[in-house]
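Structure record follows, encoded as C-alpha cells.
Chain letters run A, B, ... following the sequence lines, proteins first and then strands; every chain starts at 1.
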Amino acid sequence: MAKKVLGQLKLQIPAGKANPSPPIGPALGQRGVNIMEFCKAFNAATQNAGDYIIPVLLTIFEDRSFTFVCKTPPVTQLIKKELKINSGSSNPKKDKIGKLTREQVQRIAEHKLPDFNTKNIEQAMKIVAGSARSMGVEVEL
Amino acid sequence: MKEYRYFKQNEEFEEALFDMELTVIEDSFKNEETVYIVYSDTDLTDIFKSFGIEFTAADINETGWEEKWKEFLQPGWLTDNVFFCFDAETPAPSGKAVRIIPALAFGTGTHATTQAAARLLESVCQGKSVADVGCGSAILAITASVCGAEKVYAFDIDELAMGNAHENIELNGCKNIEAWAGGIESLNHHADVIVANIITSVLKVIHGEVIAKQPEYIVYSGILQEEYEEFMSDIDISDYAVEAVEEVKEWKGVRLKRC
C-alpha cells in the first residue's frame with residue numbers, strides 16, 4: 001500500500017553541502033525528518049553538480065520517511081554564473097550589465113531543459129533570453 | 001539565531017533575502033496553512049516591514065527542532081543478527097545490540113547505507129582490528145566491536161560527531177574502541193579491516209590512503225546504485241577482489257578482499 005503523504009518542504013541547498021545547521025536542521029527536525037539521513041542522501045545526489053544552489057522538493061510521509069527531487073538551479077543563477085556577476089541590474093531597461101552569446105544561452109537552456117515545460121531547445125533558449133533581458137542582460141540570438 | 005515565519009509568498013522579498021545569502025523554505029503540510037520560513041542571525045524586522053509582510057519570529061532554540069525528529073525513530077535490525085535501538089534498556093532480541101543516542105551525527109541505524117555497511121562488516125570482524133573512517137555516531141565501530149573485533153579505531157573530521165561517538169561507545173560499554181577527531185591520515189595503526197560509509201566523492205579521495213594501509217578487507221558504503229560502476233572503475237583496486245556487495249534501497253555497498 002502506498003504510504004500516506006504528510007506534507008512537503010521546498011528548500012534551496014548548495015550542491016553537496018547539506019549539513020544539519022540552520023536552515024536545514026530546524027526545518028526538517030520540526031517535521032520529524034531524520035536530518036542527517038537527508039543530508040547524506042542530498043549530498044550524494046548532488047556531489048557532482050558543481051557549486052550551484054539546488055532547489056529541492058522533499059516529500060514527507062506519515063512515518064516521517066521521505067523522498068526528494070532535485071531541480072535545476074534557477075535560470076537567473078545560471079545567467080549570473082555564466083557572466084560571472086553577483087546581481088542583476090537595478091534598472092534593467094536602462095543599465096545593461098552584460099551580454100550572453102548564443103552559445104551561452106544554449107548552454108543555460110540545456111541545463112534547465114529538464115525543468116522547462118518545453119522539450120524544444122529553441123523554445124527553451126527564448127525563455128532563458130527573456131529572463132536575461134529582465135535582469136538587464138543583453139542577448140545575442 | 002531567529003526563525004521567521006510568514007504566510008504570503010513574495011518573490012521580490014525572496015530575492016532580497018537571496019542577496020543576503022538567505023533562502024526561504026516553503027512548508028506545506030496537510031490541514032495546515034502553507035508557511036514560508038527563513039532563518040537569520042541578523043534582525044530581519046526592518047526588511048519584513050519594508051515589504052509590508054506580516055511575520056512571526058521565534059528564537060530557534062524554542063522550536064524544539066533538535067528533539068522533535070527523534071520521536072519518530074524506530075528500533076530495528078541493522079543486520080540479520082544485530083539489533084539497533086536508542087536507549088540502554090531495550091532488550092536485544094538476538095543478544096547483539098547496538099545502542100545509539102540520536103544526535104546530529106550520521107548513523108542512527110535506520111539508514112540503508114549503514115545497514116549495507118554493517119552487513120558487509122559483521123562477518124569479517126571476528127578477532128580483527130577494524131578502522132571506521134568517518135565514523136559519525138560510531139555505529140559501525142560499535143557493530144564491529146559487538147561482532148567480535150579485537151580492536152576498533154573510530155574517527156571523523158567532524159568534531160561534533162565525535163562528541164556523540166564517545167557517548168555511544170560508552171553507552172555500549174565498548175572498551176576496545178579508540179576514538180578521536182581526525183581524517184584517514186590520523187590513523188597510525190594497522191587495521192585488518194577498513195570500513196567507510198561516506199559518499200563516493202569522498203571515498204575516491206581517501207581511497208589512496210586506504211589501500212596504502214594494506215588492509216585485508218575494505219568495506220565501502222554510501223554509493224548510489226547508479227554510480228557504482230563508475231566508482232569501481234575510478235578507484236584502483238588492482239590488489240583487491242570484490243568479495244561481496246549489498247544493495248539496500250537505492251544504495252550499494254561493497255566488500256573488497258586483498259588478493
Side-chain angles (χ1 to χ4, degrees), chain A residues 4-49 53-67 74 76-77 80 86-88 90 135, chain B residues 1-3 14-15 18-19 21-32 34 36-41 60-61 63-74 102-108 110-114 136-137 158 160-161 197-202 222-224 226-227 250-251:
Chain A
K4 258 194 184 162
V5 172
L6 210 61
Q8 290 187 318
L9 291 173
K10 276 188 205 163
L11 305 105
Q12 299 178 66
I13 306 171
K17 295 198 177 71
N19 68 64
S21 54
I24 301 172
L28 272 61
Q30 289 181 67
R31 289 306 190 177
V33 175
N34 190 322
I35 299 162
M36 291 306 288
E37 289 189 1
F38 168 76
C39 289
K40 177 162 190 148
F42 174 83
N43 289 340
T46 58
Q47 57 192 328
N48 301 319
I53 293 179
I54 309 287
V56 192
L57 179 62
L58 177 66
T59 301
I60 300 158
F61 300 99
E62 215 164 28
D63 64 356
R64 268 42 172 208
S65 62
F66 61 85
T67 60
T76 52
Q77 211 193 116
K80 286 178 193 170
N86 292 324
S87 58
S90 48
M135 300 164 64
Chain B
M1 179 167 286
K2 281 221 157 80
E3 178 187 274
E14 278 183 35
E15 273 181 32
F18 197 82
D19 288 342
E21 294 184 357
L22 298 173
T23 57
V24 176
I25 295 160
E26 182 181 319
D27 172 305
S28 46
F29 275 67
K30 266 190 189 157
N31 309 321
E32 292 178 36
T34 297
Y36 300 87
I37 309 170
V38 58
Y39 295 93
S40 176
D41 277 322
I60 195 169
N61 296 318
T63 63
W65 69 276
E66 276 194 76
E67 298 306 315
K68 184 75 181 169
W69 64 277
K70 299 176 188 172
E71 293 168 20
F72 302 95
L73 289 173
Q74 296 289 331
L104 298 177
F106 182 83
T108 49
T110 58
H111 200 246
T113 59
T114 313
S137 67
D158 179 357
L160 280 176
N197 172 21
I198 317 178
I199 57 176
T200 51
S201 54
V202 179
I223 306 159
L224 288 166
E226 66 203 34
E227 50 179 18
E250 69 269 38
W251 302 87

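With a 4.5 Å cut-off on non-hydrogen atoms, B:Leu73 touches chain A through its side chain but not through its backbone. Of the two parts of B:Tyr39, only the side chain, counted from C-beta on, holds a non-hydrogen atom closer than 4.5 Å to a non-hydrogen atom of chain A. For B:Ser40, no part lies under 4.5 angstrom from a heavy atom of chain A. Residue B:Val24 touches chain A through its backbone alone, counting heavy-atom pairs closer than 4.5 Å. Neither the backbone nor the side chain of A:Leu58 has a heavy atom closer than 4.5 Å to any heavy atom of chain B. Of the atoms belonging to A:Gln77, it is side-chain heavy atoms, and not backbone ones, that fall under 4.5 Å from chain B. Both the backbone and the side chain of B:Ile25 come within contact range of chain A, each with at least one heavy atom under 4.5 Å from a heavy atom of that chain. For B:Phe18, the part sitting under 4.5 Å from any heavy atom of chain A is the side chain, from C-beta outward, and nothing else. Residue B:Ala105 touches chain A through its backbone alone, counting heavy-atom pairs closer than 4.5 Å. Heavy-atom distances place no part of B:Asp41 under 4.5 Å from chain A, backbone and side chain included.
With B:Lys30 contributing its side chain and A:Val5 its backbone, the two residues share a donor-acceptor pair below 3.5 Å. With hydrogens and angles ignored, the 3.5 Å screen pairs a side-chain donor or acceptor of A:Glu37 with a backbone N or O of B:His111.
Taking 4.5 Å as the limit, some side-chain heavy atom of A:Pro20 sits within range of a side-chain heavy atom of A:Met36. Contact check for B:Trp69 versus A:Val33: no side-chain heavy atoms found under the 4.5 Å cut-off. Between A:Leu9 and A:Ile60 there is a side-chain heavy-atom pair separated by less than 4.5 Å. A 4.5 Å side-chain heavy-atom check between B:Glu26 and B:Thr34 finds at least one atom pair inside the cut-off. Residues A:Leu6 and A:Arg64 have side chains in contact (heavy-atom distance under 4.5 Å, counting atoms from C-beta outward).
Residues B:Trp251 and B:Ala112 come closest through the heavy atom pair CD1-CB, 3.6 Å. For B:Ser137 against B:Gly107, the heavy-atom pair with the smallest separation is OG-O, 2.5 Å. Across every non-hydrogen atom of B:Gly222 and B:Thr113, the tightest pair is CA-CG2, 3.7 Å.
Ranked by heavy-atom pairs under 4.5 Å with chain A, the list B:Glu66, B:Glu71, B:Glu3, B:Lys70 is led by B:Glu3. Counting heavy-atom pairs under 4.5 Å between each of B:Thr108, B:Thr63, B:Thr114, B:Asn31 and chain A puts B:Thr63 at the top. Between chain A and the residues B:Glu32, B:Glu67, B:Glu226, B:Glu250, the largest count of heavy-atom pairs under 4.5 Å involves B:Glu32. When each of A:Pro22, A:Gly25, A:Pro26 is checked for heavy-atom pairs under 4.5 Å with chain B, A:Pro26 comes out on top. When A:Gly29, A:Ser21, A:Ala27 are compared by the number of non-hydrogen pairs under 4.5 Å with chain B, A:Gly29 comes out ahead. In terms of non-hydrogen atom pairs under 4.5 Å with chain A, the most contact-rich of B:Ile223, B:Asp158, B:Ile198 is B:Ile198. Heavy-atom pairs under 4.5 Å with chain A peak, among B:Ile37, B:Leu22, B:Ile60, B:Val202, at B:Ile60. The candidate from A:Ile35, A:Leu11, A:Ile24 with the greatest count of non-hydrogen atom pairs under 4.5 Å with chain B is A:Ile35.
Taking NZ from B:Lys2 and CG from B:Asn61, the interatomic distance works out to 11.0 Å, rounded to the nearest 0.5 Å. Taking CG of A:Asn34 as the start and CZ of A:Phe66 as the end, the distance is 7.0 Å to the nearest 0.5 Å.
Remark: the B:Glu227 side chain and the B:Thr200 side chain contain an N/O donor-acceptor pair separated by less than 3.5 Å. In this model, no donor atom of one side chain and acceptor atom of the other lie less than 3.5 Å apart for A:Gln12 and B:Thr23.
Of residues 38-46 of chain A, those residues lying under 4.5 Å from chain B by any heavy-atom pair are A:Lys40, A:Ala41, A:Asn43, A:Ala44, A:Ala45.
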* To do: Take A:Thr67 and A:Phe61 through the side-chain contact (heavy atoms from CB on, under 4.5 Å) test and state the conclusion after the steps.
  => CA-CA 8 Å; A:Thr67 60; A:Phe61 300 99; 3.8 Å; yes

